Amino acid sequence: MKKQFLYLLALIVVIGIGCQKELSFELGDSPAKGSLQSDVSGDCLPKTVNGIYVATTPLVSTSNTITVSVNVTKTGTYAIGTDTVNGYFFRGTGQFTTLGVNTVTLRGNGTPFAQGTNNFVVSFDGTVCDIQVDVLPAGSGPATFTLAGAPNACTTPVISGVYVKGGALNATNTVVLNVTVTVAGTYNVTTALTNGMIFSGSGSLAVGAQTITLTGSQTPTNSGNTPIPITVGTSTCSFTIPVVDPVAGTLGGGPGACTPVTINGTYTKDVPLTAANTIQVQITTAAIGPYSVSTGAAVAGISFSASGTSTGATQLIILTGTGTPTASGPQNFTVTFGGSTCTFSIPVGAGSAFIADCSSAFVNGIYVEGTMLNATNNTVDIDIDVTSIGPYNISTTANNGMVFSDAGTFTTLGIQTITLVGSGTPIADGTFNIAMPGTTPCTFPVDVDPAPSIDWQFTAGGPTTVFNGSADDVQLIPIFPPIITLIYLGSNANDDIAFALVDIAGGINAGETYSTNATVTNAATFTYLVNGGADDFSTDATRNLTFTVSSHIPATKTIVGTFSGNVLNSAGVTRTITLGTFTAVYQ
């Protein structure tokens with residue numbers, strides 16, 4: 001009877017703490033009101049699924065996300081989540097500060113256990129919508145493959161493009177290699193820098209004989225046949241790139257002003273060049289062969305270059321611009337083609353001038369350590385005093401892995417509000433001051449929350465589902481000497497876990513076990529609510545869970561353990577609990 005009393009007491013303590021937790025939440029920030037936006041079929045809007053989902057591969061909260069729209073009718077805190085399907089779920093929390101349609105990012109948690117299309121129900125304030133996520137077969141992560149020809153020369157590589165000493169490689173410079181794939185999945189391959197060249201490529205591969213395509217970058221420094229080694233796992237082979245000397249010739253107008261010359265595109269200080277920013281010049285060669293023409297080192301942040309095959313006569317070629325102008329006014333360039341040179345000038349506009357008011361900065365969205373910023377949610381509204389109209393390209397200085405930027409054209413003077421879009425991934429939690437450019441630089445703060453922890457998890461069979469989440473409240477409570485009870489409360493998107501370990505000898509020591517069916521030994525209680533109570537797991541006279549304490553470090557108030565056994569769900573079906581683990585940092 002004494003053991004039964006302790007069992008009941010532990011359960012009452014769990015319920016009591018649960019009520020306190022709920023009351024504390026309800027007395028905190030006022031919850032937001034609104035409705036999830038959906039189309040006529042009930043699918044969520046904008047119905048965006050981010051990341052790759054592979055069976056048996058744990059989700060990464062920074063990339064495995066979904067976005068939904070909420071029509072906010074009352075600002076306040078929100079918690080939006082999905083049900084758990086196929087071993088994983090999505091959840092997002094934060095605060096709505098503006099009425100109307102807001103876009104929310106829900107982060108993925110858990111591990112898909114099987115391939116297929118999973119249908120999730122998103123819930124908020126009594127409204128629901130649906131979203132579908134496709135899970136690839138297990139093994140669709142990094143592929144396992146070998147290079148044909150390893151460990152010697154790569155077998156029959158297909159090399160495309162022209163390789164000229166001093167000529168920058170571009171998208172036409174590719175190499176196709178044969179590979180044998182034993183495990184399907186993705187690949188991401190990069191060669192080491194060799195003779196000024198790098199080749200890289202990524203994609204996905206099926207099992208069997210396949211090919212991978214690598215694209216060249218940077219600039220060959222010497223002519224001649226250049227072996228390029230490539231390594232994938234323990235497989236290595238090499239392919240040879242024939243780098244040639246450029247054909248000799250002259251520039252039209254050299255050594256004076258380039259003639260003829262055509263300047264294409266608009267050039268503005270602080271506005272990056274695009275594919276429209278090109279220069280057309282004339283070359284004359286006496287033979288057909290590869291050429292490389294460039295303006296050399298950047299002038300005011302920009303340069304121009306071209307490579308190709310000459311006609312052996314007079315022809316017009318297009319130099320492509322790269323970089324971002326760092327100064328306004330006329331900028332003078334010298335084109336070099338072998339020993340021939342000519343010059344041209346580009347007028348670079350001053351662009352806009354402005355003063356940012358960082359005190360007006362309103363930071364939108366939630367920022368979490370290790371979670372990639374979302375262009376829809378992670379934005380900053382800030383007032384700008386425009387003192388000179390024109391194009392602008394504003395980008396903050398990178399801080400803690402975050403950058404905020406916006407581009408456009410100021411058409412009127414005076415104070416106006418722009419929205420900076422966040423990018424990057426916060427490296428650490430804390431408050432970080434983001435530096436704004438402008439006539440008078442300033443900074444605004446961004447608060448980054450710590451990454452959510454996975455403090456408990458277990459697998460429930462029939463069907464097999466992985467559940468996990470964070471600890472919400474853990475207490476080590478003396479009942480009366482020497483009896484002591486560990487009370488553990490945790491949750492994830494929609495589920496809640498509660499268990500108690502009652503140690504009749506005190507201590508909760510390493511190696512001790514606790515059973516939900518105990519009568520004369522240490523006892524345990526266990527309750528798990530699935531999807532807000534739509535299903536629940538509990539124990540009874542024939543379904544028993546056993547908890548084992550792996551370690552207890554009083555100095556850090558940390559208890560680590562495992563659990564397994566059988567539970568009864570709300571449909572009266574036995575589900576087997578395996579791989580249960582917990583970490584308890586008590587008060």
Side-chain angles (χ1 to χ4, degrees), residues 1-24 453-460 467-492 495-529 536-568 574-587:
M1 292 300 295
K2 186 175 182 180
K3 175 55 66 179
Q4 299 293 334
F5 170 74
L6 295 178
Y7 184 98
L8 276 173
L9 179 60
L11 184 57
I12 291 171
V13 172
V14 169
I15 295 173
I17 292 176
C19 293
Q20 292 174 14
K21 171 188 168 188
E22 182 177 359
L23 180 61
S24 173
S453 60
I454 299 298
D455 301 315
W456 55 267
Q457 62 181 6
F458 64 89
T459 299
F467 299 93
N468 57 34
S470 301
D472 297 329
D473 190 6
V474 181
Q475 297 187 34
L476 195 63
I477 302 174
I479 298 177
F480 51 84
I483 300 172
I484 194 169
T485 300
L486 173 71
I487 304 294
Y488 193 103
L489 295 175
S491 64
N492 57 32
D495 308 337
D496 290 283
I497 188 172
F499 65 83
L501 307 182
V502 182
D503 190 339
I504 61 174
I508 312 286
N509 297 314
E512 293 180 337
T513 60
Y514 301 80
S515 172
T516 59
N517 281 359
T519 56
V520 294
T521 57
N522 292 340
T525 67
F526 177 84
T527 301
Y528 194 85
L529 298 180
D536 66 84
F537 303 155
S538 60
T539 57
D540 62 6
T542 59
R543 283 88 169 182
N544 174 51
L545 280 180
T546 298
F547 292 78
T548 301
V549 175
S550 303
S551 68
H552 182 181
I553 305 175
T556 59
K557 298 184 177 181
T558 303
I559 297 175
V560 177
T562 62
F563 60 95
S564 61
N566 295 317
V567 295
L568 181 71
T574 298
R575 301 195 69 180
T576 300
I577 301 292
T578 59
L579 303 176
T581 63
F582 68 90
T583 298
V585 180
Y586 54 85
Q587 300 178 13

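Hydrogens, waters and symmetry mates are skipped; everything else that's a heavy atom, side chains included, is used. The structure presented is a predicted model; accordingly, all values stated were derived computationally and were not measured.
Between the S515 side chain and the N517 main chain, a donor and an acceptor come within less than 3.5 Å of each other. Not a single donor-acceptor pair under 3.5 Å links the side chain of W456 to the backbone N or O of T581. Under the 3.5 Å distance criterion, the side-chain polar atoms of D503 are left unmatched by any main-chain donor or acceptor of I484. Side chain of S470 to backbone of S453: a donor-acceptor contact under 3.5 angstrom is found.
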Kindly indicate, with the supporting measurements, whether the criterion side-chain contact (heavy atoms from CB on, under 4.5 Å) is fulfilled by V567 and L545. CA-CA 7 Å; V567 295; L545 280 180; 3.8 Å; yes
Report the C-alpha distance between D473 and Q587 in whole Å, list the side-chain angles of each, state the deciding distance to 0.1 Å, and finish with yes or no for side-chain contact (heavy atoms from CB on, under 4.5 Å). CA-CA 8 Å; D473 190 6; Q587 300 178 13; 2.8 Å; yes
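Side-chain contact check for V585 versus V474: every heavy-atom pair is 4.5 Å or farther apart. In this structure, N522 and T513 have side chains that are not in contact, with every pair of non-hydrogen atoms separated by 4.5 Å or more. Annotation: side chain of I497 is in contact with side chain of F526 (closest heavy-atom distance under 4.5 Å). The closest side-chain heavy-atom distance from L476 to H552 is below 4.5 Å. Contact check for N509 versus V549: no side-chain heavy atoms found under the 4.5 Å cut-off. In this structure, F582 and I559 have side chains that are in contact, with non-hydrogen atoms separated by less than 4.5 Å. Contact annotation: the side chain of L501 never approaches that of Y488 to less than 4.5 Å [non-hydrogen atoms, C-beta and beyond]. Inter-residue side-chain proximity for T583 and T558 is flagged as met; some heavy-atom pair is nearer than 4.5 Å.
The ring of F537 has its center closer than 6.0 angstrom to the ring center of Y528.
Note that CG of D455 is 8.5 Å distant from CG of D472, once rounded to the nearest 0.5 Å. In this structure, CG on N468 lies 9.5 Å from CG on D495, to the nearest 0.5 angstrom.
Of all heavy-atom pairs spanning A524 and F547, the tightest one is CB-CD1, 3.8 Å. Shown here for S551 and A510, the closest heavy-atom pair between the two residues is CA-CB, 3.9 Å. When all heavy atoms of S564 and T578 are compared, the closest pair comes out as CB-CA, 4.4 Å.
Classified by interplanar angle (parallel below 30°, tilted 30° to 60°, perpendicular above 60°), the ring pair F499/F563 is tilted.
Among the candidates N566, N544, D540, T525, the single residue satisfying the side-chain hydrogen bond (donor to acceptor under 3.5 Å, both in side chains) test with T516 is N544.
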